Structure formats: structure tokens, C-alpha cells
4 protein chains.
Amino acid sequence: MAPVGRPRSDASHAAILKATYELLQEEGLARLTLDKVARRAGASRSTLYRWWPSRGAIAMEATLDTINREMSLEPQGDNALAEYRRLLKSVARAMRGGTGAIIAGILAECQRDPETLRLYKEKLVGPRRAEIMPLLQRGLADGSIRADVSPQTILDMTFGAIYHQLLLHIPTEDAWMDGVIDILVNGIAAKPSR
Amino acid sequence: MAPVGRPRSDASHAAILKATYELLQEEGLARLTLDKVARRAGASRSTLYRWWPSRGAIAMEATLDTINREMSLEPQGDNALAEYRRLLKSVARAMRGGTGAIIAGILAECQRDPETLRLYKEKLVGPRRAEIMPLLQRGLADGSIRADVSPQTILDMTFGAIYHQLLLHIPTEDAWMDGVIDILVNGIAAKPSR
Amino acid sequence: MAPVGRPRSDASHAAILKATYELLQEEGLARLTLDKVARRAGASRSTLYRWWPSRGAIAMEATLDTINREMSLEPQGDNALAEYRRLLKSVARAMRGGTGAIIAGILAECQRDPETLRLYKEKLVGPRRAEIMPLLQRGLADGSIRADVSPQTILDMTFGAIYHQLLLHIPTEDAWMDGVIDILVNGIAAKPSR
Amino acid sequence: MAPVGRPRSDASHAAILKATYELLQEEGLARLTLDKVARRAGASRSTLYRWWPSRGAIAMEATLDTINREMSLEPQGDNALAEYRRLLKSVARAMRGGTGAIIAGILAECQRDPETLRLYKEKLVGPRRAEIMPLLQRGLADGSIRADVSPQTILDMTFGAIYHQLLLHIPTEDAWMDGVIDILVNGIAAKPSR
DNA sequence: CGATAATCGAGACGGTACGTCTTGTCTTAGG
DNA sequence: CCTAAGACAAGACGTACCGTCTCGATTATCG
């Protein structure tokens, strides 16, 4: 049963997300106003408020595609730790671009608006972790990762370190990432001989 | 050489910081307005603008005492790693209170105002790290910490993990902190036999 | 061609003018702030700024009705000079009330804001003069006013005298007005026998 | 008995008046702030407040010399009306320059501050009228001015007309002034034959 | 086909905070 | 006692966004 009334305009929806993403790259989330988005998208402010609960929500949806693409990992046959190492370096690299700044902005927005935080956890943190988790599970299963560490904590430390740099506007250099990974892998790797 | 003109009012200065701290605890930095601060402090807005460059700067100064007190570490004679472990748990504990939320707010403010970020690094991150660094240096010196890890990176990972939880509004439970410390210490500890 | 967007609120518009007029009577234009107007009118400051370029403009519009009503002249069949005499006394009388003080305030505001001066000439001086001019023209036509005086100058002198008293906060008493009219009429009346 | 303490600084006093006069010419009374005066005069704001009750008072004192000089009339042996005519034209001419604008500003200021109005009447209107009055008295005495007109009213009309033009920022052209004088003199001149 | 209903744009509305400016008072040190 | 310097409380200014609202116009489904 099709809904009654004029259907939602896909063109408008897309234009809004496009405008938002452009503005995010140009000025960052802190300087983003819904009015500027609406004007650039040729939309009206009411349309924005109709479909999104908050500025953070629009920013998140506008960035999700990019984020997912840049961070995505096609699993390769290596052992878990090697693969994890490769993954982290690709994440760090992705974060050096504009995407890192956008995520930092979203994280900041989460401190002003609980709804944005909720969405952030649901749409960004959750899926990302769900994607990586199997890798760590595999490591736990095959014994390459110590059995007594929580994979969640591993992820907390990983993303914590990366995001902390982002928030301080310090680029996540490869060398730095190597250091982090080194400590991390040493910390979680099962000790062969004990 | 005595300064000319009416001297700065200590009473006003103190009242402003007090009012700011109270408001930070009650509503958080996101809801803090200079007007509310001025009104509660019995000060005028111009006085605020005279002495502080931004909202973030006031918030930082108002919180610095508390932060420094809560995070301070009186060094004890243990070995470096044990002491570090104790330190981190005390930090995590401090962050569970209102102070954690305030710091998360400041970190968010840093994303909107470069000056606040500069002050944050200078007044908060710098001193804190300078305070802890000797501990890690001691560990490096006595061989309890692997010689090939950067103490800066250790701190990045430590605070990164803690602050990441803060930003996601997840309390830094003792058990979680134990897990982090465990990975960290294992990751940085020199392996006795290899 | 119907205007697009939400239409202007007449209620708000009226409430603003009403509030302005009340405040003008209570405290005068010098003490009038847009904030007080907005608050009393239950409007927002942005609405005021949207529709009026300046404080003076609001004050003028708010007073125009009253001024026009109080100064209006229903022409009577007398000869021109007699009618002019009656008109001036009615104007002087009107100016003894609060309206005179308001006009003095507007005239003062004109010295601080060119736009207000422009509006004053366009909305107040112009119409008023246009209304009176036919009377003087009639006098000129029927020979009761000397042909070599400019009606504009007559008006300059008339209103100049009255407004000068207003600005010095000297009530325009009937006796004084009689003196003015006497000089004026003698000065402009055609001499029958020469 | 000599007064105790540091004597009033004439240099400061003079510098303040000079700075005020310059600023009045450059920007007008409406844009004049005591702060700008103090800064340009190298004085402190408290010194201004010590010696003058208001902005208007400083402006008035700063302008009085100029005004008195520009408007001054050295009486000549003509008959009263001819002399009055000459006087008015000189006043009108003086008012075409910056002085006219300054007086308009003072008149405006009088609407916001009663003290300035009081001073205006006392220091400016009074002396000026006292200076001209003998002229009119002479005319009354020698019968060239009608006995039944009040000299005060004559002055009201004269200055009223001139100031009204000033307030509307209309230059007091010689031709216009001639028209005014013509009406006035005709209005007040004793009719030889009746 | 016409009624109904939801969407869209435009833009006005009441609010709130901003950062700046000016006012009049005060508190120093020093002449 | 006066002066320069300058801090202070107060409060208005004009601007910028916010989230809501009220329109006319558009575009679909359903009777």
C-alpha cells in the first residue's frame, strides 16, 4: 500500500547531503549551519528539519558513505594480527585527510547533543566495530591473540589513540601508527613460550 | 615598577572562575554562556572579554585547579610500571566524576576554536605529560620498559583510550581500565627471556 | 502574483507600533530601546530589525497616526488667513501635549541618523506641508497674501517657530502663538492701501 | 586662602576643549564619545567627568568661542531694522558652515539630557538674545518697530526659522534668509499710515 | 475527475547568544 | 587635591542561528 500524499523528493534529499558534505569539507561541522545547507541545496529549512533531528544527524548521514568507503577492509588471507596491522594503517591514512577532521567535528557535536551521540554510536561506531570484530575473533580462535583480553578493549585502545590525535589536530603519521600498533600487538599477542 | 591604573580585581576574577565551574558542573560547557557566567559572578561581560579570549579559555582556567588536583600523582617508591598502573587507575577514577564530562566538553570546544585547542595543549596536556614523563623515563632507564617504544606514544594510547570513553559517555570502569593497562603494560614491558 | 513564504504578521506589526507609542509617551525617544519595545510587544528583536531600518523609523511610524490625527485640519469656508490662523493655533495646542515632546525627540534622532531624517521629511514634513499648502495658495490666488512671498518660507517660519519652542521645552501657549501669528499675518498680508 | 593640593591643569583643560572641537567638526556630536575626547586630548576620562556634567556641556564649552565669534555683531549706526536685517544675514551665513551642524547636534543632545538644555539656554540662547535685544528695544523706542509685538517673539521666530533649517540639514541660503527677513520686517514694522 | 493528503520552497516569527561599544564610577600610583 | 591610566558593572547595539510556523504550489493516492 503506497503512502498517500506527495512522495519525498529524492532529488532534494540528495542535494542536501551533497551540499552538507561540501560545506563540511570547506568549513567543518563547527561552522555548518542548516541555513547554509538549505541555501546551497536549494532546499528549505523545514525540509531539513522534517527528515533529520539535528545538525549532527545530517552531517553524519552526509559523511557515512565516504567514511565507510575509506575505512573499508577487504579481508585478506593473512593471519589476524598482520591483517589488523594493515587495517589500522589504512584507517590512520584515511584519517589524515578531510575525513578525520569531519569525524572530530562529529565527535565534538556529540558532546552538545545526545541524539547525535546516539546516532554516532549506532551508525558509525557499531558497524565499524562489527566489521572488524571477526578479525579479532579469528585471532582469539586461532590462539594468536591472548585469550584473556577483551576484543572490545582492543578496539577502544585502537580508536582511542587515533581519535585522540584527531581531536588534538595532530596528523596520524605512519611512523606514529607503527609505534601504536607495535605496542598493541605486543600487548595482545599470545606469548609463545611461557 | 608598579603598574598604572586601577588594578585587576581579584574578587571579580575569583568569582568568575567560581561561577564558571559551577555552571560547568550543572550544565556542561555546551550550555555555558558568558552571559550566565557574568550574571552569576556579579561581573560584567566586558570583564570576561577583557581577560579571556574565548569561552573555552574561561572554562579551562576554571577547571584547571580541579583537574590538576584530581589527577595529581605523588610518586611512590614502587617500580615504574606498577606506579604507572596505579596512576592510570586514579586518572580513570577521577574521570568518572563530573571532571570527565567537563574535559570532554573542552575537547569538543577545541574543535570549534583553535585558540582553545592551543590553550588546551599548553595548559592541560603539556603539564600533565611533563608530570608523568619522568615515570616512564625511569622505566626506560631501569629496563622495565622496552627501549624501542616512544614514551609519547605510550601516553597517546593511554589518554586516547580514556578520553575516547569520555567522549562516548561511557564510564571508565575499573575493570575496563585494568584491561587497558594490562594490554599496555604487556605491550611495553621488556620481555625478560627472548 | 501572490507573495511567497509566510506572510507578515499584522498582529505583531500592530503590537510593535502600540508598544513603541506607549514607551514614547512614557519615557521619550531618547530612552527608547528596541529591546524594551520587543519585550513589551511580545515580539523578537529580529522582527523589528527586519521591518525597520532604525529606531527613529519605528518611532516615526508609531507616531504618524497620532500626529496626522492631531494636526489634521478640516478646511472651513473662511478666508485663507483666518483659516491659517486657526490652523496654527490648533497645531500649537496639539504640540503642548505629549506629541510635541515626541516630535522633538524625532527631530533629535534625525541629527544622529540620516535615514531617520530622510523619513522624517518624507513621511511627516512633506505630507503636512502638502496639506496646508493649498490654503496658502488660495490666499495667494485671492490676493489676501502678498504675491511676492514664498509659501514655503511661510511654512518654514511657522513650523520653525513652533518647533524651536518644542526643542527648548517651552510650551507653545496660545498667547505666544497669537503673537507669532500676528507678526506672520502682518508680514505676509497684502497691504490694501499703499 | 589658596586652595590645597595640585591645581587644576590649564593645559589639560585646553587640550580637552581643543580635542572636542576637532572631533565635533570631524564627526559631529552624535558620534562624539568622551573616550575619544580623552584619548585625543591625552587626558583621562575621570578628568572630563570631574569638570563637566555631561557630553553636551563639553561640546557647548568647546564651541562657545567659535559660536560667539561667528555670530557677533558690531553695531553700526543704521536704523534698527536695517541693522537687524544685516545681523540675521550674518547669522545665516555663519550657520551654513560647520557651526550650524554643531548647534543642531547640541539641540539634539538637549532632548536627551535636561542639564545640557539648561546650559544651552543659559550659555548660548541667553547671551545671544541679550546681545540682540537692545537693537530691538531701540527699534521699539524710535517707533520703527510696532509697539505691540514682543521682542522675545521676534527672536523666537528668527532663530526658530534658522534652526529649523539646520535641523533639517537645509542650508540657510541668502535668498531664503531674505525672504524670511522680508516677512519678518513687514510683520513687525510699524505701519506709517493707518 | 475531484477530493484528500503529504511534500516542497519560501520566508516570517519568537528566542537566545554573540562580541562590541559607551557610560559613569571606582581605584590605583604619582605629581 | 589633581591627574593619567585603566578596571569595573551595566546595558544597548546589530548580527547570526535556532527551531517553529504559515503560506501557496506541487504531486501523489484514493474514492
Side-chain angles (χ1 to χ4, degrees), chain A residues 1-9 11-13 15-16 31-36 38-39 41-51 53-55, chain B residues 1-13 31-36 38-39 41-51 53-55, chain C residues 1-13 16 31-36 38-39 41-51 53-55, chain D residues 2-9 11-13 31-36 38-39 41-51 53-55:
Chain A
M1 172 107 83
V4 181
R6 178 175 178 172
R8 176 170 185 178
S9 159
S12 188
H13 187 219
I16 288 169
R31 308 256 172 275
L32 186 80
T33 69
L34 294 190
D35 201 83
K36 280 191 274 193
R39 219 174 307 127
S44 86
R45 241 134 49 73
S46 359
T47 303
L48 272 68
Y49 282 109
R50 192 190 321 277
W51 299 113
S54 66
R55 190 173 66 151
Chain B
M1 171 114 79
V4 94
R6 176 175 177 175
R8 178 170 184 177
S9 158
D10 284 337
S12 188
H13 187 217
R31 308 256 174 277
L32 187 80
T33 70
L34 294 189
D35 202 83
K36 280 190 274 192
R39 216 172 313 126
S44 84
R45 241 133 49 75
S46 9
T47 301
L48 273 67
Y49 283 109
R50 191 192 326 277
W51 298 114
S54 65
R55 193 172 63 151
Chain C
M1 170 112 84
V4 93
R6 177 175 176 172
R8 179 170 181 177
S9 158
D10 283 337
S12 188
H13 188 217
I16 288 168
R31 308 256 174 277
L32 186 80
T33 69
L34 295 189
D35 200 83
K36 280 190 274 193
R39 217 171 311 125
S44 82
R45 240 134 52 75
S46 10
T47 301
L48 272 66
Y49 282 109
R50 182 172 306 120
W51 297 113
S54 65
R55 193 173 62 150
Chain D
V4 183
R6 179 174 177 174
R8 175 170 182 179
S9 158
S12 187
H13 189 220
R31 308 258 173 274
L32 187 81
T33 69
L34 293 190
D35 200 82
K36 281 191 272 194
R39 220 174 307 128
S44 86
R45 239 135 49 75
S46 358
T47 303
L48 273 67
Y49 281 109
R50 190 190 317 279
W51 299 112
S54 67
R55 191 173 64 150

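Predicted, not measured: the structure shown is a model, and the values here were computed from it. First the proteins, then the strands, lettered A, B, ... as listed; each starts at 1.
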Tightest non-hydrogen contact, residues Leu48(B) and Ala38(B), listed as CD1-CB, 4.2 Å
### Task
Verify, without hydrogens or angle tests, whether Arg45(D) (side chain) and Leu34(D) (backbone) share a donor-acceptor contact under 3.5 angstrom.
no
Of the candidates dC21(F), dA9(F), dT27(F), the side chain of Ser44(B) sits closest to dA9(F)
Practice task
Indicate, yes or no, whether a donor-acceptor pair under 3.5 Å links the base of dT26(F) to the side chain of Arg6(A).
Solution key: yes
By nearest-nucleotide position on DNA chain F, the 5'-leaning member of Arg55(A) and Pro7(C) is Arg55(A)
Arg50(C) atom CZ is separated from dC13(E) atom P, nearest whole Å, by 5 Å
Leu32(B) CG to dG19(E) P, in whole Å, measures 12 Å
DNA chain E nearest-nucleotide lookup for Gly42(A) and Leu34(B): closer to the 5′ end is Gly42(A)
From the candidates dT3(F), dC8(F), dC13(E), the one with an atom nearest any side-chain atom of Thr47(C) is dC13(E)
To the nearest angstrom, the CG-C1' distance between Asp35(A) and dT16(E) comes to 16 Å
To the nearest angstrom, the CZ-P distance between Arg8(A) and dT27(F) comes to 18 Å
Taking for Ser46(D) and for Ser46(B) the nucleotide of DNA chain F with the nearest heavy atom, the one nearer the 5' end belongs to Ser46(D)
From the candidates dT22(E), dC13(F), dC8(E), the one with an atom nearest any side-chain atom of Tyr49(C) is dC13(F)
Closest to the side chain of Ser9(A), out of dA5(F), dC13(E), dC8(E), is dC8(E)
Here the pair of heavy atoms bringing Lys36(B) nearest to Arg31(B) is NZ-O, 2.9 Å
Arg31(C) CZ to dT23(E) P, in whole Å, measures 13 Å
Rounded to whole Å, the NZ-P distance (Lys36(A) to dG19(F)) equals 15 Å
| query | Can a side chain N or O of Trp51(A) be found less than 4.0 Å away from OP1 or OP2 on dC8(E)? | reply | yes
| query | Is Ala43(A) touching bases, backbone alone, or none of the nucleic acid, heavy atoms closer than 4.0 Å? | reply | sugar-phosphate
Applying side-chain contact (heavy atoms from CB on, under 4.5 Å) to Arg6(C) and not counting sequence neighbours gives none
Checking dT27(E), dC18(F), dA17(E) against the side chain of Thr33(B) (C-beta onward), the nearest is dA17(E)
Notebook entry, point to check: Does a distance-only test, which skips hydrogens and angles, find a donor-acceptor pair under 3.5 Å between the side chain of Arg45(D) and the base of dG24(E)?
Noted result: yes
Whole-Å distance, Leu48(A) CG to dG11(E) P, equals 16 Å
Check this for me: does the side-chain of Ser12(C) come within 3.5 Å of the base of dA12(E) through a donor and an acceptor? no
Separation of dC13(E) atom C1' from Asp10(C) atom CG, nearest Å, is 13 Å
